[in-house]
Each structure stands twice: as C-alpha cells, then as structure tokens.
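In what follows, a structure is listed as structure tokens, so that the remarks can point back to it.
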Number of protein chains: 2
Amino acid sequence: MSAHGSLELSRQLRPLLTRVYQMVRRRSPGWDISAAQSSVLTTLMDRGALRMGELAVIEGVRMPTATSVVARLVKLGLVERIADPQDRRAVLVGITARGSAQISELVAERNARFAELLARLSDEERRLLRAAVPAMAHLVALDIAPKDPADTEL
Amino acid sequence: MSAHGSLELSRQLRPLLTRVYQMVRRRSPGWDISAAQSSVLTTLMDRGALRMGELAVIEGVRMPTATSVVARLVKLGLVERIADPQDRRAVLVGITARGSAQISELVAERNARFAELLARLSDEERRLLRAAVPAMAHLVALDIAPKDPADTEL
DNA sequence: TATTGTTATACTCTATAACTATA
DNA sequence: TATAGTTATAGAGTATAACAATA
C-alpha cells in the first residue's frame, strides 16, 4: 500500500545517493590504491583471512578477478597468500600489517573529507541526516537478507 | 565548532551510503550498458548536446576517455557526433532517440528496484529518509560549488 | 567426479604522450 | 602558437572458457 510513496522517495533519494557516493570516492587524490583494492582490504580487515572463493563471493566478483586483484595487492605488500593446511587446493588471503595501516589511513581520510562537507550544513540538516541513519542501516541489512519467496514477509 | 559531530556522523553515514549505492548499482543484471556509458547518457539527457571537452570535464575524465566511451555509444546507436558549425575542430555529442529511450528505461528500472527495498521499511523509517532528502540535496550542491578560499563562507 | 584456483584471452574504462587539424 | 580532439600504448578491473591440482 505504501508502494507509491516508496517509488517517489526512490526517485528523490537514489540520484542523491549516487552523487554523494561519487563526491566521496572519485575526488580522492594521492591514494594509489583503487576502489577494488581498498574494498578487498576493508573486507579482509573486517573478516580476517578468507579463502579466495569466499573473497570473490563477498566482493561480488568471479574468481579470476579475485585472483588478479589479490596478485596486485600481494605485489604491493598489502595482503599475503597463505596455504590452507586443511585443503591443499585452497588459498587463504590475509591482510598484512602494512595493508592494515594503509586502509585505516584511507578510511580516516575519507571520513574526514566527508565530515568537512557535513560541517558546512546547518545543525538542523545534520540532525535530520543523523535521524535517518538507522533507516539506512536497515536498508543495507535488507540487501543481505536472502530473497527467497519464503522471505517476502521480512 | 560542530566539527566533532560531523566526523561522527561521517563515520556512520559514509559506509552506509557506499553500501546503498552498491546495492542499487552492482546487482543490475540484464543491462548491457556500463556505468560510464549510462553516466554519459544521463548527462546528455539532462544538458543536451555537449562538446567532447565539456563532456569530459562533467564526467570527470580525460578527453581520450571521453572519446572512447562516446565511440562505443555511437557504435551502439545511443549517441551521435555532430560537427560544430562554429569551430571545425570541435565535435558536438548528442543523445539519439534510442539512447534517450534506453536511459529512461534504465533509470525507471533502478528507481523501481530501490523502491522495492524502501517498501520493506516501516512508515516511520521512510518518513525519516524523506525528511533527510533536502539535507542530502544541500550536500550534493556543496560539492559543485567552487572551492576557492573566497568561498569558504558558503 | 567434483571442487578450488589459475591461466589464457578479450573487452571496458582509465591515463599519459604524441599526433592532426583548426583557430 | 594555442586549442580541440584523436590515436597509440599501457595498466586495472571485469568476464568466460579451458586447464591444473587436490578432494
């Protein structure tokens, strides 16, 4: 019944989200690592060492892609490949101390840059954004939830 | 003085924006055109025909990149190159009827998919998101504004 | 035989450097 | 000489198909 309101909200909100995303991402000079690379690093930071296949699934890419991104990160000394003792076919990919340090810096820098923009809003505007955070978090959680027909009631 | 609150808000909001962006973008099967291509099409849709160099600036890419993206779109019949009568060095790039139709469809599809997610939130959550829209719009506008020292007071 | 990864190949997006054509 | 754009070349990210090694 609220489908109409949702579509209208989608029309307003979606382009804005795209723009804000690009603001924070695209103009980030001085960082040598790419979006794909920083995504892998944050994943490994959050979840610890992962098998190549798991990493590919989480990143939403195919295995050959994961292999090549990891290969470049290894060359940069930011991740390492570890043989899996349980299964000799498998490879564990882990972040190195240097990778860890670098991604922390990058995240801090992005947050700082976004914060500068937020600081230029009014107190009221910031309050409204803050109030919307839990709803956004819920939205993000929805995406992870399985989309089986059985889960339609979620 | 509100710098601290901004940084905290940035920490909460920025990762969520990234995730939502990816939800809407990445899992969009059945669309042959790439992100760079759809971005060019929406730009041409919004602003009409542009010179190659203007397009490159707006898209935030170098001219050779614009040239190649446009070349592929021309091959797909979605944009056309028009000689500029005023300056024979220049090229005007315009969207075709087919390009126009295709981008409208794509935008509608993305909005619909995002709306489905929004529809799964509570009325209250949607209300909070709606209330945050003007602040987000302001945020986006800030990025466009020049960053000269003189404009610091904006 | 099935699973885990890698290699081979190809396409898009991106950049810089060198070039052409016009102002 | 300066500007608008293209071509040449290279590297990153992505994919599919074919392969190797292990379970």
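Quick caveat: nothing in here was measured; it's all calculated off a predicted structure. Here is how names work: the chains are called A, B, and so on, in the same order as the sequence lines, proteins then strands, and each is numbered from 1.
Straight-line distance from the CG atom of B:L55 to the P atom of D:dA4: 14 Å, rounded to whole Å. A straight line from CZ of A:R89 to P of C:dT3 spans 9 Å, rounded to a whole angstrom. One atom, CG of B:D84, and another, P of D:dT6, lie 13 Å apart when rounded to the nearest Å. What separates CG of A:L50 from P of C:dG5 is a distance of 11 Å, to the nearest Å. In this structure, B:E59 atom CD and C:dA15 atom P are separated by 11 Å, rounded to whole Å. Between the C1' atom of D:dT9 and the CZ atom of B:R62 lies a distance of 17 Å, rounded to the nearest Å. One atom, CD of B:E54, and another, C1' of D:dT3, lie 14 Å apart when rounded to the nearest Å. When rounded to the nearest whole Å, the span between CG of A:L76 and P of D:dG11 equals 14 Å.
Between C:dC13 and B:Q37, a contact under 4.0 Å exists linking OP1 or OP2 to a side-chain N or O. When the side-chain nitrogen and oxygen atoms of B:T67 are compared with OP1 and OP2 of D:dT6, one or more of them lie within a distance under 4.0 Å. Phosphate proximity of C:dT6 to A:R81: present, with a side-chain N or O under 4.0 Å from OP1 or OP2.
The side chain of A:R51 lies closest to C:dT4 when the candidates are C:dT7, C:dT14, C:dT4. The A:S34 side chain lies nearest to D:dG13 when the options are C:dT12, D:dG13, C:dA15. You'll find that the side chain of A:T65 is closest to D:dG13, out of D:dG13, C:dC13, C:dT16. Side chain of A:P64, nearest nucleotide from D:dT14, D:dT16, D:dT6: D:dT16. Distance from the side chain of A:R88 is smallest for D:dA23 among the nucleotides D:dA23, C:dT12, D:dT16.
Here the straight-line distance linking atom CE of A:M136 with atom CG of A:L13 works out to 7.5 Å at 0.5 Å rounding. For the atom pair OG1 of A:T42 and CD1 of A:I103, the computed distance is 5.5 Å after rounding to the nearest 0.5 Å. Here the CD1-CG distance, from B:I33 to B:L76, works out to 8.5 Å after rounding to the nearest 0.5 Å. Atom OG in B:S39 sits 8.5 Å away from atom CG in B:L55 (nearest 0.5 Å).
Ion pair B:R120/B:E116 not flagged as a salt bridge, since none of the NZ, NE, NH1 or NH2 atoms sits closer than 4.0 Å to an Asp/Glu carboxylate oxygen.
Map A:P85 and A:R72 each onto its nearest nucleotide of DNA chain D; the residue landing nearer the 5' end is A:R72. Annotation: of the two residues near DNA chain D, A:V69 and B:L92, the 5′-most nearest-nucleotide partner is B:L92.
Residue-level contact check: B:M52 touches the backbone only, with heavy atoms under 4.0 Å from sugar-phosphate atoms and none from bases. Backbone-only contact: B:D87 has heavy atoms under 4.0 Å from sugar-phosphate atoms and none from a base.
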